[in-house]
Amino acid sequence: MEIPSKYEPQAAEAKWYAYWLEKGFFNSKPDHRPAYTIVIPPPNVTGVLHMGHMLNNTIQDVLIRRARMRGFNACWVPGTDHASIATEAKVVQKLRAEGIKKSDLSREAFLDHAWEWTHKHGGIILEQLKKLGASCDWNRTRFTMDEKYYEAVIDTFIDLYNKGKIYRGERMINWDPAAKTALSDEEVIYKEVNSHLYHLKYKVVGSEEFIVVATTRPETILGDTAVCVNPKDERYLHLHGKKVIVPLVNREVTIIGDDYVDMEFGTGCLKVTPAHDMNDFMLGQKYNLEIINMMNDDGTISTAGGMYIGQDRFAVRKQIALDLEAAGLLIKQEPYANKVGYSERTDVVIEPRLSLQWFVDMKELSEPALENVMNDNIKFFPPKFKNAYRHWMENIKDWCISRQLWWGHQIPAYYTEDGKWVVAKTREEAEQKIKEQYPDYTGSITQDPDVLDTWFSSWLWPIGVFDGFYSEDEVSYYYPTTDLVTAPEIMFFWVARMIIAGYEYRGELPFKNVYYTGIVRDKQGRKMSKSLGNSPDPLVLIDQYGADGVRVGMLLSSPAGNDLLFDESLCEQGRNFSNKIWNAFRLVRGWEENTSDIEQRPAAAVAIHWMNAQLNATIEKLNDDYEKFRINEALMTTYKLVWDDFCAWYLEMVKPPYGEKMDSQTYAATIDIFEKLLTVLHPFMPFLSEEIWHMLREREDGASLCIAHWPSSTNESSPWIEGFEEFSQVVIGIRNIRKENQIANKEKLVLKMLSTQGAASDFHPAIEHLGNIESTEWVSEKPDQCYSFIVSGREFFVPFTAQFDAAAEIKKLNEELVYTEGFLTSVERKLSNENFVSKAPAAVLDGERKKQSDAQQKIEMIKQQIAALS
RNA sequence: GGGAGUUUAGCUCAGCUGGUUCAGAGCACCUGCCUUACAAGCAGGGGGUCACUGGUUCGAACCCAGUAACUCCCACCA
C-alpha cells in the first residue's frame, strides 16, 4: 500500500478521538493509584473557542496526558460557567432583536429564555475542545448552575452569613446605569477621555467673596454638601468654618479642611458630593456630611436633585454649564484629559453610587491564602506573580457579591415589607425565621431579586465539581487538585478566591501548582479581540494544520507568563514537524518488507548504542523541564530529539546502502526507539503519535498510546554521547572538504588519522558510512598531499583529489593561524596576570592552562601543514 | 501617583550559584542541491558593543548604582 508523502491529519484525528472516547481512556474513578487532577477554568457557557482557550487547554492536555502515561489516575474535569452578566447581556440583546424588552418580562419568563439560550449554545465550546484533542473526563462535565452546584453556592452564602462573614451594607459601588447593576472593581475599565474642567464660583456667606472650585462633573453640584480645602493652604485659611452657597441650588454648605485635597490641583478647592464620588463619600463619612443622592439608577436626575429631574446626566452636564454661565457663575471651561471608568460589559460610563449591597468580609478569610502562596505550599509558575498576589491580598477589600441581574444564583435573603430580613435556604425556612425573630410581623416577604457575582460560584469550582460540599467520596481522593492552568488576568477574580474557599471549606489548598499562561496577541502585539478581528478561528486553523500542528505551534513560543505573539507560521512549523515524523515513519515502514537475517552492520550497532543513550539523557532533561513547567522547552527538546538526533543522524546511520537489505536486529531496535519517541511526543501531538504507534506494530484491540508507559530513564552519563560530539564534527569536516573542493558525494574517500585515541573511535564505522569513506587508515605521522581538519585537537586527513587548489588551502590555513594565535595571546595575558593566577580557583586555572597548550599545539600543526603545501 | 517586570541575532526566547566553548536555540535569511522517507525537505553558511553610563571583581550578559525605553498590575486628583 502506498503511503502518501504528506501527513493527512483529518481522518486520523476523527478516528482516534472516537476510539479514545469509546474505550473510556479519559474517564477516571478513585482507585489505588495516586490522583493527578486538573479542573478546567470553566469557559462561559455560551462562549466560543478563541485562541486563549486553545493555548490554555493545550497546556492542560499536555500535562494531563503525560500524567496519565506516568501511571497516575489522571482526571481532567471539564465544565462551563454561567457567566451571569455576560450571558444575561447576550440574552437581553437577543430578545431586543426580537422586539422584547427585559423589563416587560417576569423573572420566570426571562429565565426561561436564558435557559433556552443556554441549552442552544451551551457546550458548543466543549465540543470544540474535543477537536483540539482535549482528554477531559466528559462524564464529569459540570455547570455552575447544575442543581447540586447551585445548592452549594447558596449554602456557602448562608454559611458565611451565619459566620458573620457576609453583611449587607451601604457602600459606594460601581454602578452600570445601562445594565442597572453593581459591578466589581475588576469589571470597570478606565479609559483616557477628553473632557472639560469647569471652574465654578461659590459665594461665601456673609461676604462679597467668592471661592472657585474646579470639577469635571458640574451636574453633581446638585448633590454638594460641603466644600473642602487643604488646611495648610494659606489662600483659604480665613475661610475655615465659613459657609458657601452652592450655585444655582442655593444650598448653604460648610467649608471643611482636609489634607486629602491637593493644593496644586485646579484651584485647590474641592466640592464634596458624598453620594456620587468614592473619595467624597469617604470625606462625608469622616465629617458626617449630609448625603444627597441626586441620581436615579438609570443615570437620570432624581427628585432629590431638585432640578433637571428625569434628564440624563450627560444632557444635564451640558445644560448646567450653560445655565451657570448665564448666571455668571462659570468662570472658565478648559479642556482636560482624565480617566473615566467604563463598564466592561455595556461600555457606558460607570456611576459611583451609594447602594445597599451584599459584601464578604475578606480580611480574615484571606489570611491562610496569602500565607500559603508566600511559603510556596502553592507554587506559582512563574513565581514573579507572587508579588502582585501579595500586594493584592495585603490590601484586600471587602467583596461586593450582589448583582442586579436575574441570571445566576439568587441571593437567599428574604425581606419584610418594612425592611427587615433573614437569610434562609427556602421560603418556608425564611417564613419560619421571620416568625421567630419578628413575631409581630404579619405582612408578606419577598426574596432578594439580585443574584450573586459569577465568581461567588466559580470560587467553589475545585470542590464543587466533586460534590465536595455534600459527599466525601470523591473530593477526598481528587482534592487538592494538582495543577491549575489559567491567565494572570484572573488571578484576583478567581485564583485567589479559590484558594480562600479551599482553606475555608477544606482546610487545605485547592491545587499545588498554578501555571500562568500569557495573553495571546497578534503579530503586532495587539491583544486578540473580536472588535479588532485579529483572532483567527481556531477550528479553521485545526482544519488547515491539523490539531497537532496547531498545538505545537502554540506551545513553541509561549514560556509561562509570557505573552504569545501568535503567527500562523508557528502552526506551519507544527505542521512541518508532523510531516517530518510521518516521513520518518514511511522510511522505517519501507524497511519492514526488506528485512532479512543478515549480520548487523557496525555503523548500525553504533547508532543504536548512541541513540539509546541520547534518548535516556533527553528523557531526563524532559522530566526536569516538565517538573519546572517549562513546557515550551520540553517541546523544543522533543523536537530536536526527533528531528536532529533521530531523523538527521540515527536514521542516516542505520540506513542500509542503496539496494541492500535491513538486518532484523537493527530493524527491531529502530521500532523500539521509534515507539519511545512517539511516547514522549504524545502529550504534544496525541493524534499523529497514536496513528503511527498503531501502524508501527500489530496492536490488540483496546491498546492505545494514551495509556502506554512514559519511558523510564537514569541520570547516568554515557560515553556514547561524548563520542557523538566528536563523531559528528568529523562527519561535518568530511562534508566540508567535499563541498569546498567539489568532490561529489558519490566519490569514495580515504580518511587518515594520526592517532587511534579519542572518544570518536567507537564511531569509526559510522564515520565511514556517513562520510562515504572507502577505508580508514592509521598513520604515525602527518601524510603529504592531503586536505586536513582538526576535531578536538586531533588531525584528520583526506588525500588530495585531482581538483586540489593549494593556494586556497593555504589561505584558509593562514586565517586559522591568525585566529588561533590571537586566542593564545589572550589566554596568555590572563595567565600572566598575577591576580588571576593567585585568586582564581584551581579548576579555572587548569582550564586556562589546557587552552594554552591546546592552542600552542594547534598552531604548530597548522604551521607544519602550510610548510608542507608551499 | 505607587509597585512589579522586561530590554541578549531580523523575530520569539534560553542563558540555572559571576569562571572551560572570542554568547545559545528555533524560526527567518543567504548559498548549493528535486541525493532511492520527507523541497512542508537535505547539506553548508552569515548574523549579536548582551539597552546606555559608571562601579565591585583577577574575571560581568549575570552582582550594585544611575539613565533611557517598553510592558503589566494597583490607585483613580476632583
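Here is how names work: the chains are called A, B, and so on, in the same order as the sequence lines, proteins then strands, and each is numbered from 1. Since the model is a prediction, treat every value here as computed from it, not as a measurement.
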Please determine, by modelled atom types, if A:Lys271 and A:Thr220 share a side-chain donor-acceptor pair under 3.5 angstrom.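 Note: A:Lys271 and A:Thr220 side chains meet the donor-acceptor criterion.
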Any donor-acceptor N or O pair under 3.5 Å, side chains A:Tyr236, A:Asn230: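 A:Asn230 and A:Tyr236 do not have a side-chain donor-acceptor pair below 3.5 Å.
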Given RNA chain B, 5'-ward residue of the pair A:Glu633 and A:Met278, judged by closest heavy atom: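 By nearest-heavy-atom nucleotide position, the 5'-most residue is A:Glu633.
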I need the [atom1]-[atom2] distance between [X] and [N], as an integer number of Å.
| X | N | atom1 | atom2 | value |
| --- | --- | --- | --- | --- |
| A:Ile396 | B:rC74 | CD1 | P | 13 Å |
| A:Arg735 | B:rU31 | CZ | C1' | 17 Å |
| A:Asn736 | B:rU31 | CG | P | 18 Å |
| A:Leu556 | B:rA25 | CG | C1' | 11 Å |
| A:Asp563 | B:rC73 | CG | C1' | 13 Å |
| A:Asn279 | B:rG1 | CG | C1' | 13 Å |
| A:Lys739 | B:rG44 | NZ | C1' | 4 Å |
| A:Asn174 | B:rA75 | CG | P | 10 Å |

Heavy-atom nearest pair, A:Gly257 first then A:Pro231, reads C-CD, 3.9 Å
So, for A:Pro9 and A:Gly546, which heavy atoms are closest and what is the spacing to 0.1 Å?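 In this case the closest contact between A:Pro9 and A:Gly546 is CG-CA, 3.7 Å.
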Quick check against the 3.5 Å criterion: does A:Ser195 have a side-chain atom that pairs as donor or acceptor with the backbone of A:Tyr336?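 Yes; judged by distance alone, with no hydrogens or angles, the pair exists.
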OP1 or OP2 of [N] less than 4.0 angstrom from a side-chain nitrogen or oxygen of [X], does that happen here?
| X | N | value |
| --- | --- | --- |
| A:Lys397 | B:rA75 | yes |
| A:Tyr639 | B:rC27 | yes |
| A:Arg630 | B:rG15 | yes |
| A:Tyr389 | B:rC73 | no |
| A:Asn338 | B:rA78 | yes |

So which nucleotide does [N] pair with, by the Watson-Crick or G-U wobble rule with both distances under 3.5 Å?
| N | result |
| --- | --- |
| B:rG66 | B:rC52 |
| B:rC42 | B:rG32 |
| B:rG1 | B:rC74 |
| B:rG10 | B:rC27 |
| B:rC58 | B:rG19 |

What contact category does [X] fall into here, base, sugar-phosphate, or nothing, at under 4.0 angstrom with non-hydrogen atoms?
| X | result |
| --- | --- |
| A:Asn395 | nothing |
| A:Leu270 | base |
| A:Ala214 | base |
| A:Tyr545 | nothing |
| A:Ile732 | sugar-phosphate |

What distance, rounded to whole Å, do you find between the two [atom1] atoms, one in [N] and one in [M]?
| N | M | atom1 | answer |
| --- | --- | --- | --- |
| B:rG41 | B:rA28 | P | 8 Å |
| B:rU8 | B:rA69 | C1' | 16 Å |
| B:rU6 | B:rG15 | C1' | 16 Å |
| B:rA23 | B:rA14 | C1' | 11 Å |
| B:rU56 | B:rC63 | C1' | 8 Å |
| B:rU7 | B:rU31 | P | 33 Å |
| B:rG48 | B:rG10 | P | 8 Å |
| B:rC62 | B:rC50 | C1' | 10 Å |

So that I know where these two stand, are [X] and [Y] an aromatic pair - ring centroids less than 6.0 Å apart?
| X | Y | result |
| --- | --- | --- |
| A:Phe727 | A:Trp649 | yes |
| A:Phe492 | A:Trp392 | yes |
| A:Phe585 | A:Tyr7 | no |
| A:Tyr516 | A:Phe385 | yes |

Which nucleotides of nucleotides 35-40 of chain B have their base under 4.0 Å from a protein heavy atom (B), which only their sugar-phosphate (S), and which neither (-), written as one string 5' to 3'? -BBB-B
Any side-chain heavy atom of A:Phe380 within less than 4.5 Å of one from A:Met491?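 Yes, their side chains come closer than 4.5 Å.
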Nucleotide nearest A:Val261 when distance is taken to its side chain, options B:rG26, B:rG5, B:rA78: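 Among B:rG26, B:rG5, B:rA78, the one nearest the side chain of A:Val261 is B:rA78.
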